[in-house]
Amino acid sequence: IRDRALKEERFLDAKGRFWRVHLTNRTHPQTLWGLGVAYEGDDQIEQAIEWYGECAHLLDACAYASARLSIEVERYKDALDRLERLAAEQGESIEPRVHWALMEAHLGNGAALVALDFALAYAAQERRDEPVTPEITDSTKILRLVEAIRQEGVGEVPPWTSIGDDRWSR
């Protein structure tokens, strides 16, 4: 972050500074991003989502921030729209945080199997494309869950216990 007010978490000052620039150049992506950060820091989440949305097609940081906040306010379809576009733009080099956010958005949207695939993609990426196995990753429960779901078949996912356990609750 280059803006001093943002670094020092003086979000009201930052909003004023970015607004002055915005009035002279309404499409400058760094200004739009700065307004998003300032509004987010000031806990004005809906306005932050709007500002990030204004520059989502210009900066990956804006697209990701807009999606992240949409997940936070449980607008999963909006988040998926932003994240899928971002993933398509990033092509083969999708950032790990985008895989993780896609997992969260799909999970919130009720698509557990798709969410698990993105969780595994995230785990594989974090391990620098090493095979994801229980011996080399903390994702043992995810792997067991994926295995159990795939054995059950595609469809409704039965509930499972999440309190330190990886067994299905029936």
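What's counted below: heavy atoms across the whole structure, side chains too, no hydrogens, waters or symmetry copies.
Between the side chains of Lys15 and Gln44, at least one donor N or O lies within less than 3.5 Å of an accepting N or O.
Hydrophobic clustering of Ile, Leu, Val, Met, Phe, Trp and Tyr side chains at less than 4.5 Å, counting indirect connections, unites Trp19 with Leu32. Both Phe18 and Ile45 sit in one connected hydrophobic cluster of ILVMFWY residues. Membership requires side-chain heavy atoms under 4.5 Å apart, directly or through other members. Clustering ILVMFWY residues whenever any of their side-chain heavy atoms sit less than 4.5 angstrom apart, transitively, puts Leu23 in a cluster other than the one holding Leu12. No chain of hydrophobic side-chain contacts below 4.5 Å, direct or via other Ile, Leu, Val, Met, Phe, Trp or Tyr residues, connects Leu58 to Leu35.
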- List the steps and the verdict of side chain to side chain contact (heavy atoms under 4.5 Å, CB included) for Ile71 and Leu83. CA-CA 11 Å; Ile71 291 168; Leu83 290 165; 4.2 Å; yes
- Message: Go through it in stages, so that I can follow the logic: the residues are Tyr122 and Met103, the test is side chain to side chain contact (heavy atoms under 4.5 Å, CB included), and I'd like the CA-CA distance, side-chain angles, deciding distance and then a yes or no.
- Response: CA-CA 9 Å; Tyr122 169 82; Met103 182 274 303; over 6 Å; no
- After noting the C-alpha distance and the side-chain angles of Arg85 and Asp81, does the key distance pass the salt bridge (charged side-chain N to carboxylate O under 4.0 Å, His left out) rule? CA-CA 6 Å; Arg85 286 187 206 179; Asp81 180 53; 3.0 Å; yes
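Ser70 OG to Leu80 CG: the interatomic distance, rounded to the nearest 0.5 Å, is 10.0 Å. The distance from the CZ atom of Phe11 to the CG atom of Asp42 is 7.5 Å, given to the nearest 0.5 Å. Note: Leu116 CG to Leu107 CG = 7.5 Å, rounded to the nearest 0.5 Å. Taken to the nearest 0.5 Å, the OH atom of Tyr64 stands 14.5 Å off from the CZ atom of Arg82.
In this view, Glu95 and Gln90, Arg97 satisfy the side chain to side chain donor-acceptor pair (under 3.5 Å) rule, not counting sequence neighbours. Take Glu40 and apply the side chain to side chain donor-acceptor pair (under 3.5 Å) test, not counting sequence neighbours, and it matches Tyr52, Arg68. In terms of the salt bridge (Lys or Arg N to Asp or Glu O under 4.0 Å) criterion, Asp60 has no residue partners (sequence neighbours excluded). By the side chain to side chain donor-acceptor pair (under 3.5 Å) test, Arg26 is found to be paired with His22, residues two or more places apart in sequence or in another chain being considered. Under the rule for a salt bridge (Lys or Arg N to Asp or Glu O under 4.0 Å), the partners of Glu46 that lie at least two apart in sequence or sit in another chain are Arg75. Contacts of Leu59 classified as side-chain contact (heavy atoms from CB on, under 4.5 Å), with partners at least two apart in sequence or in another chain: Pro29, Gln30, Trp33, Cys62.
Counting heavy atoms from C-beta on, the side chains of Ile49 and Val73 come closer than 4.5 Å. By the 4.5 Å heavy-atom criterion applied to side chains, Glu84 and Leu102 are counted as neighbours. Side-chain contact between Asn25 and Thr31 is absent, with no heavy-atom pair separated by less than 4.5 Å.
Here the shortest heavy-atom pairing between Ala79 and Ala67 reads CB-O, 3.6 Å.
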